[in-house]
Enquirer: 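Take this structure first; my questions come after.
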Amino acid sequence: MFALKAGLFDVVKATLVGSILSNALLVLGLAFVVGGLKHGRQRFAADDVRTLGLMFTLAVFILAVPSLTAALHTPAASHERTVSVVVSIIMLMLFALSLPATLGKRSSGPEAPARASSPIVASPDSAKAASAATAHGDWPLAMAIGMLAAAGIGAAFVSEWFVAALEPAMDAAGINQVFAGLVIVAIAGNAVENFVGIQLAAKNQMDYAVQVILQSPVQIALTIAPIICLSAVWLGHPGFDLVFSPLLLAVMIMSALVAVIVTFDGESNWFEGAVLCVLYVAIATAFWWG
């Protein structure tokens, strides 16, 4: 939000794509590498990941509509802002419609019977962790809301300071806006959940690890990007849209497809993770001279 308010459009768009890219390739790859080196071949609930992968792919494809409209020079190309607003509303509606199914699945808890149709079952460590979490109990509602509010206020202050220091740092280091948003801001902004996903993989809790890692890009595509687009008017930049450059669009779609292909079988190993990390480095290198 603060980058958009400062008029750093390229940073904002690159950060949205970079957050999707880093989770789908870099963080997922590191989780596979760390978990694979420590535990060998790991397994996770294939059916749940396939559903999440479908949501991920659908969200990215919808997010790509404004960019494709402009790149293909369609009759709607001169209405990029309007198309972006319509797409933003559709994505927020899709997110709202997905909540009942998501919450209903989670409410079934770890004691829900395993589905016989799935050849891959949850790891024993994941089941033990779920049982421990259930036994520990939940926070009181007031405490949860208070902690969330405090974290939000703290994040707002940190974000404002970060953006204020970003432009001088880019000028001093000779870094372009696209690379800064795609790599630096995207990784820094998702550092906590990235660490949690890798930590869960190291503990052989791959069901939770994959869910944490892949839920992030889904939420970015379905909620963060639309909210930023719709709030641009109140931030003094009514012309902001969700049209990405052809290269950003290509790597965003590619990251979703690669993540779905790699996780489709419900298994992972360190080599698959290494390939994902190498792919991320190759893509980031291509933006260095942007």
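All values below come from the heavy atoms of this structure, side chains included, with hydrogens, waters and symmetry mates left out.
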Enquirer: Would you name the heavy atoms of Ser19 and Ile220 that are closest together and state the gap between them?
Expert: CB-CD1, 3.2 Å
Enquirer: Side chain of Glu80, backbone of Asp241: donor and acceptor closer than 3.5 Å?
Expert: no
Enquirer: Can you tell me how far apart CG (Leu92) and CD1 (Ile227) are? Round to the nearest 0.5 Å.
Expert: 6.0 Å
Enquirer: Output, in order, the C-alpha distance, side-chain angles, deciding distance and verdict of side-chain contact (heavy atoms from CB on, under 4.5 Å) for His79 and Val86.
Expert: CA-CA 11 Å; His79 304 281; Val86 172; over 6 Å; no
Enquirer: When rounded to the nearest 0.5 angstrom, what distance separates CG in Asn194 from OG in Ser216?
Expert: 7.0 Å
Enquirer: Are Val258 and Leu16 connected in the hydrophobic side-chain network, where two residues link if heavy atoms are under 4.5 Å apart?
Expert: yes
Enquirer: Would you indicate whether the side-chain heavy atoms of Leu28 and Thr263 approach each other to under 4.5 Å?
Expert: yes
Enquirer: How about Val85 and Leu230: do any of their side-chain heavy atoms sit closer than 4.5 Å?
Expert: yes
Enquirer: Nearest 0.5 Å please: distance from the CG atom of Asn269 over to the CZ atom of Arg41.
Expert: 5.0 Å
Enquirer: Among the clusters formed by ILVMFWY side chains lying less than 4.5 Å apart, do Val178 and Val12 turn up in the same one?
Expert: yes
Enquirer: Are side-chain heavy atoms of Leu257 and Phe61 found at a separation under 4.5 Å?
Expert: yes
Enquirer: Parallel under 30°, tilted from 30 to 60°, perpendicular over 60°: which one fits the rings of Trp288 and Phe179?
Expert: perpendicular
Enquirer: Between Asn176 (side chain only) and Phe287 (backbone N and O only), is there a donor and an acceptor less than 3.5 Å apart?
Expert: yes
Enquirer: Answer yes or no: is there a side-chain heavy-atom contact under 4.5 Å between Asn23 and Leu214?
Expert: no
Enquirer: For the backbone of Phe240 and the side chain of Arg81, can you confirm whether one donor and one acceptor N or O come within less than 3.5 Å of each other?
Expert: yes
Enquirer: Ignoring hydrogens, what is the shortest heavy-atom contact between Phe56 and Ala259? Give both atom names and the distance.
Expert: CE2-CB, 4.0 Å
Enquirer: Kindly give the heavy-atom pair with the smallest separation between Leu63 and Met252, and that separation in Å.
Expert: CD2-SD, 3.7 Å
Enquirer: Roughly how far, to the nearest 0.5 Å, is the CD1 atom of Ile184 from the OG atom of Ser22?
Expert: 13.0 Å
Enquirer: Whether the side chain of Lys38 engages the backbone of Lys203 through a donor-acceptor N/O pair (distance < 3.5 Å, no angle test) should be reported.
Expert: no
Enquirer: Can a donor-acceptor pair be found, under 3.5 Å and without considering hydrogens, that links the side chain of Ser67 to the backbone of Phe244?
Expert: yes
Enquirer: Under the 3.5 angstrom rule, does the side chain of Ser98 hit a backbone N or O of Phe95 as a donor-acceptor pair?
Expert: yes
Enquirer: Find out if a path of hydrophobic residues (ILVMFWY) with successive side-chain heavy-atom gaps under 4.5 Å connects Leu248 to Ile62.
Expert: yes
Enquirer: Does Val218 share a hydrophobic cluster with Leu26, counting links as ILVMFWY side-chain heavy atoms below 4.5 Å and allowing steps through other members?
Expert: yes
Enquirer: Please answer: with hydrophobic residues joined when any side-chain heavy atoms are less than 4.5 Å apart, are Phe195 and Ile187 in the same cluster?
Expert: no
Enquirer: Would the distance check show the side chain of Thr51 and the main-chain N or O of Asp47 forming a donor-acceptor pair, the cut-off being under 3.5 Å?
Expert: yes
Enquirer: Between Ala24 and Leu276, what is the shortest heavy-atom contact and its length?
Expert: O-CD1, 4.5 Å
Enquirer: To the nearest 0.5 Å, what is the distance between CD1 (Ile283) and CG (Leu25)?
Expert: 5.5 Å
Enquirer: With heavy-atom distances below 4.5 Å as the criterion, would you say the side chains of Phe32 and Val262 are in contact?
Expert: yes
Enquirer: So which heavy atom on Ala31 is nearest to which on Gln42, and how close?
Expert: O-OE1, 4.4 Å
Enquirer: What heavy-atom pair brings Thr15 and Ala186 nearest, and what distance separates the two atoms?
Expert: O-CB, 4.1 Å
Enquirer: Can you tell me how far apart OG (Ser84) and CD1 (Ile89) are? Round to the nearest 0.5 Å.
Expert: 11.0 Å
Enquirer: Under 4.5 Å between any side-chain heavy atoms of Val210 and Leu200, yes or no?
Expert: no
Enquirer: Would you check if the side chain of Asp207 reaches a backbone N or O of Ala45 as a donor-acceptor pair within less than 3.5 Å?
Expert: yes
